[in-house]
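A short worksheet on the structure shown next.
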Amino acid sequence: MMYVMLLCSLAPLLYELPLSTTGICATLLLLSLSQTPLSFWVLQGLAVATAAFVYFLNETFQTPEAASSLIACAACLKALSSKTHRDQMILLMINLLLVMCYVLFAQTLLSTMLLFVNYLIFILRLFNLQKQKLGLPSTALNFKQLLSPETLIALPLLIALFIFFPRFTTPWGGMGSTAANQVMGFSEDLNPGQIQSLAESENIAFRIIFKNNLQPNPEFLYFRGAVLLQNKEWSWKNANRQLKLVPPNPLSSDASYEILLEPRFDKILFTLDSTQQIALQPEHLSFSKSDDGEFNLRWSAQSKIKINGLLGPNEGPIPLNDEKSDVLQTATAITPQMQQLVDSFKNKTENEKLKSLLSFFGTNDFKYSTQTPAYASINDFLFGERIGFCEHFSASFAVLARLAGLPARVVTGFQGAEYNSFGSFYVVRDKHAHAWNEVYLSAKGWTRVDVTDLVAPARIRGGALFNKQSDSLLLPKSLGFIERGIMAWDAVNNRFNLMLMNYNLENQVALVEQFSLSKIGLTSVSRVFFVVVALFLILFWGVSLGNKVTRDDTAKGYLLLNQKIQKLGIHRAIHEGPNDLRNSLLKLSEPPRKVLELLDRYIVLRFGSNASPREAKRFYKDAKALKVYK
Amino acid sequence: MRKFSLPYRNKQIFMIPNRYGFVAIFLFIVFSLVAATYSNNLLFLLAFAHVSFILVGILQTARNLRHVEIGTVQIPSGFPGERVSVNVVLLQKSKSLKTGLLIRCEKSELLIPEFAAQDQKIIALDLELPQTRGQHILRRLQLSTESPYGLFYGWLYFKVSVPHFVYPQPVGHSLPQTQQSEGIDEFSGLKPYQAGDPPQRISWKHSSKTDQLVIKEFRDTSTPTYLLNWEDCPQSADEAKLQQLAKWIVDCEASQNTYKLQIPNAAAQNSFDRGFAHFHQSLLSLAKWSPTPGDPTP
């Protein structure tokens, strides 16, 4: 039972933790299974060595990964020396901590189910450990015990607490990071190979729901992340967040959308082009100072968060003032070939420059692939093998554009999404990661340019994704039974996320406001919470008192008889049985014959071997009908 | 004596978490803080499930104690410091099985692992009698449990007030060699029936006339007969005299002699006899003895 419990809580957590932790835990568990007796000092030594190893791997104990690894190892160590009732109880409590660690990493419908299964095992184990302590045999799930009136109130209490408990934030919000295993693949910089490495990752980055049943084509689904300005050869850095963009809005002017982000920490916000306004919970927002002293807007969350975006019409081009010199600089080695190419259209208008540049990529047999050679310079790519991924195209295009005097920058983010017809939402995965460019045109402002669209239109317009095995783009195919099942499950998951994982103070306020005439805040939600808790406590109290004592007819009759005998001045003391009562009655000047007779009947009924329920009933009736006068 | 009303039960249940209960509560605090820190609703769910379970645990522990009643409690009399067996009749009036009930009488305790629904149990608890002679009262019995989850310690008291007597310590001089006569059992009178008297001695003829069971008393003239008189005690202090008489009674009983106790201010008349009932009756008279008639014993 102990190992089943450990397996249920440890296995899902280890799946989320680095492989090294699994290795340590597996070793400790195997040692435990072999039942090798270990001395106290060996165990202490193992504990210190394990802690040191976890510290060595994580370089800290303060991140959720390190803390979770430490707790997982502690559970396995405890399993090694779990002999007494005390040890088992400690292991049980550590087990609950393992469940806590697991839900820090995974917040899906499946993890919720696992959480409840683990909690049920915890209750059952607690129940059986107590039985073991009493020397009683362990039993399977005792439903009669579990479904007592008290337990039946626990479920509504759990729901009420969840709905009304004020979602306050602590001063340590976002402490540590679980981001290590939640790779989104984007950093502040762009180097060749970064986006390429995500080409086959099925990890979900976020889900997006368009309001008013909008269903945009894949080619419009550009989710902007980092905007990179500084260049040195292949490397692009200095992410700068600018929400207002010029590209024409492909959707209606008042379209809005909702993004449900997977737990990530300290990352750039991803929003659709032409987003005019975004809204998310303030506790998830933060600003970080970049190298040049500018502040970038970030989000940080260890749980799923929701972003509401509003798309709107362009406000016209924003003039480039001080930043113009930044977006024209390049620290790339310019070769004569590159210079010659740029010189051919240097004196043309900006639109003609753009056309010429795009025509260079469109007509020179560039190939889209992840099997790219290690290019020493941009020149090698442009005039060499010409096999590249989106990051190669965007980086080299921006360098050429800047050389030609066209303000340009690199943008990283996601392009494309999978539509889930069951839930009417789009799923954006890590494999949708993409890099493209924006050029500044004086008439339009910053305009999106995607060279990949020229080289591999199927990737952008057809929604195809790169397949490493075939080294080619694969167009989305019609879904089979299993794929449709997965999609349906994802739709349920998304619904669950929106309802449960995303429930926050805003929802609480909205809920309470339905019953209130005025605007309310956190204090009012807290008041409602305390009222609900008080109501439940009263209910619990009522249930605990409401159980009536059940007595058989013999007991009820004897109780009545005792009360009637008290009228004669005889009070039965605790040490007196019916025989003592009989003797006391016999000492009276006129012993009551009927009372004595009933007492004799009680003795026979209670202590006799064959008392029938019918006789007991008659005894009760007679005791009730008995009239005693002093 | 205090008046009682049946049944003997107590609704006032006390409850504190045991060490594991404190750990469970601490875990709830940890879950809540981590959930708030990471705005993690699933962790909030875990925290609320945990606190709901803690509440259910408290109520189920209390439920495990409720509806257990005391039928009777009987404490035999004995000598100072003697260990006697306290008989307690426990009644289970609920419809559910109860587990892990611990009943405690002063320093002695007994674990009842399982107590079936609607059942009754007669249990024997060990009790060390006080060192002072006279009437003593056992004020309460404690019933406690940690079941069903072992996280909370709940207990209640049955306020029972059970009287019990402590005989004088049998110390002093040995029995004087005073023989009275020799012969066979001889009828010496009638006396009211008491528990422990042989039923074959009941005089049905006399009992039917008085509506009270009476037994015939016989005096064994084949064994030495002693009149244990207060005045014959060489000691001057009352308590010392009582201890001397107790010593003589023990000696008489040990040598199967017939004896009769004669003390001033005796609550009940004594007659020549021997045997278990007479032995305890005589010692009880000493335990109850008071310098002034009608005064309560110490």
Side-chain angles (χ1 to χ4, degrees), chain A residues 89 93 96-97 99-100 103-104 107 111-112 115 119 123 126-127 129-131 133-136 144-145 148 150-151 154 157-158 161-162 165 167-170 172-175 283 301-303 500-501 503-504 540 543-544 547 549-552 559 562 571-577 579 586 591, chain B residues 1 3-8 20 23-24 27 30-31 33-34 36-46 48-53 55-56 59-60 62-63 66-67 70 72-75 91 93-96 99-100 111 113-114 118 146-151 160-163 195 211-213:
Chain A
M89 287 296 276
M93 298 299 171
L96 268 193
L97 281 177
V99 178
M100 181 197 82
V103 293
L104 266 181
Q107 295 137 43
S111 58
T112 311
L115 184 144
Y119 204 81
I123 295 173
L126 209 55
F127 187 70
L129 275 180
Q130 183 62 18
K131 283 193 130 189
K133 194 183 168 189
L134 297 171
L136 298 169
K144 203 175 172 188
Q145 186 100 24
S148 64
E150 294 92 353
T151 323
L157 174 69
L158 164 65
L161 283 174
F162 186 81
F165 182 79
R167 296 299 197 271
F168 63 90
T169 50
T170 64
W172 323 289
M175 187 178 71
E283 66 262 25
Q302 296 294 322
S303 57
L500 197 84
M501 296 295 107
Y503 186 75
N504 54 27
F540 267 110
V543 166
S544 68
N547 289 314
V549 176
T550 49
R551 293 177 200 286
D552 57 13
L559 202 65
N562 271 274
H571 301 280
R572 186 178 86 89
I574 186 82
H575 60 286
E576 290 178 327
N579 262 329
L586 285 172
Chain B
M1 190 181 287
K3 287 182 181 178
F4 290 97
S5 61
L6 282 172
Y8 301 95
Y20 305 115
V23 174
L27 279 181
V30 170
F31 294 160
L33 285 178
V34 176
T37 301
Y38 294 118
S39 303
N40 189 318
N41 271 339
L42 205 49
L43 258 183
F44 272 122
L45 205 64
L46 175 66
F48 300 145
H50 192 57
V51 79
S52 302
F53 168 69
L55 273 174
V56 168
L59 290 174
Q60 287 196 343
R63 174 201 263 264
R66 278 171 40 236
H67 304 158
I70 294 272
T72 53
V73 182
Q74 286 178 324
I75 308 174
L91 310 167
K93 297 289 179 186
S94 77
K95 281 180 180 169
S96 54
T99 53
L111 178 73
E114 272 188 323
Q118 303 283 319
E146 287 185 335
S147 291
Y149 300 115
L151 296 179
V160 288
S161 292
V162 187
D211 256 355
Q212 188 182 3
L213 285 175

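Each chain gets a letter, A, B and so on, in the order the sequences are listed, and its residues count up from 1. Values below: every heavy atom of this structure, side chains too, minus hydrogens, waters and symmetry copies.
Under the rule for a side-chain hydrogen bond (donor to acceptor under 3.5 Å, both in side chains), the partners of S111(A) that lie at least two apart in sequence or sit in another chain are T108(A).
Only the side chain of V34(B) comes within contact range of chain A, with heavy atoms under 4.5 Å apart. When heavy atoms are compared at a cutoff of 4.5 Å, A62(B) does not approach chain A at all. The part of L27(B) that comes within reach of chain A is its side chain, from C-beta onward, which places non-hydrogen atoms under 4.5 angstrom from that chain.
Between the NE2 atom of H50(B) and the CG atom of L158(A) there is a distance of 13.0 Å, given to the nearest 0.5 Å.
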>> Let's go through R572(A) and T72(B) carefully: what are the C-alpha distance in whole Å and the side-chain angles of both, what is the deciding distance for side-chain contact (heavy atoms from CB on, under 4.5 Å) to 0.1 Å, and is it a yes or a no?
In response: CA-CA 10 Å; R572(A) 186 178 86 89; T72(B) 53; 3.1 Å; yes
>> Walk me through whether Y503(A) and F44(B) qualify under side-chain contact (heavy atoms from CB on, under 4.5 Å).
In response: CA-CA 11 Å; Y503(A) 186 75; F44(B) 272 122; over 6 Å; no
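By number of non-hydrogen pairs under 4.5 angstrom with chain A, the leading residue of L111(B), L91(B), L151(B), L46(B) is L46(B). Taking chain B as the reference chain and counting heavy-atom pairs below 4.5 Å, the highest number among N579(A), L136(A), L500(A) is found for L136(A).
Shown here for Q130(A) and G150(B), the closest heavy-atom pair between the two residues is OE1-CA, 3.2 Å. Residue A154(A) comes nearest to S52(B) through the heavy atom pair O-OG, 3.7 Å, listed as atom of the first residue, atom of the second, then distance. Pairing each heavy atom of M89(A) with each of Y149(B), the nearest pair is CE-O, 4.4 Å.
Of the residues L42(B), N40(B), T37(B), the one that meets the side-chain contact (heavy atoms from CB on, under 4.5 Å) test with L104(A) is N40(B). Checking V99(A), V103(A), L115(A) one by one against L43(B), the side-chain contact (heavy atoms from CB on, under 4.5 Å) holds for a single residue, V103(A).
A 4.5 Å side-chain heavy-atom check between L126(A) and F53(B) finds at least one atom pair inside the cut-off. Residues L157(A) and F48(B) have side chains not in contact (no heavy-atom distance under 4.5 Å, counting atoms from C-beta outward).
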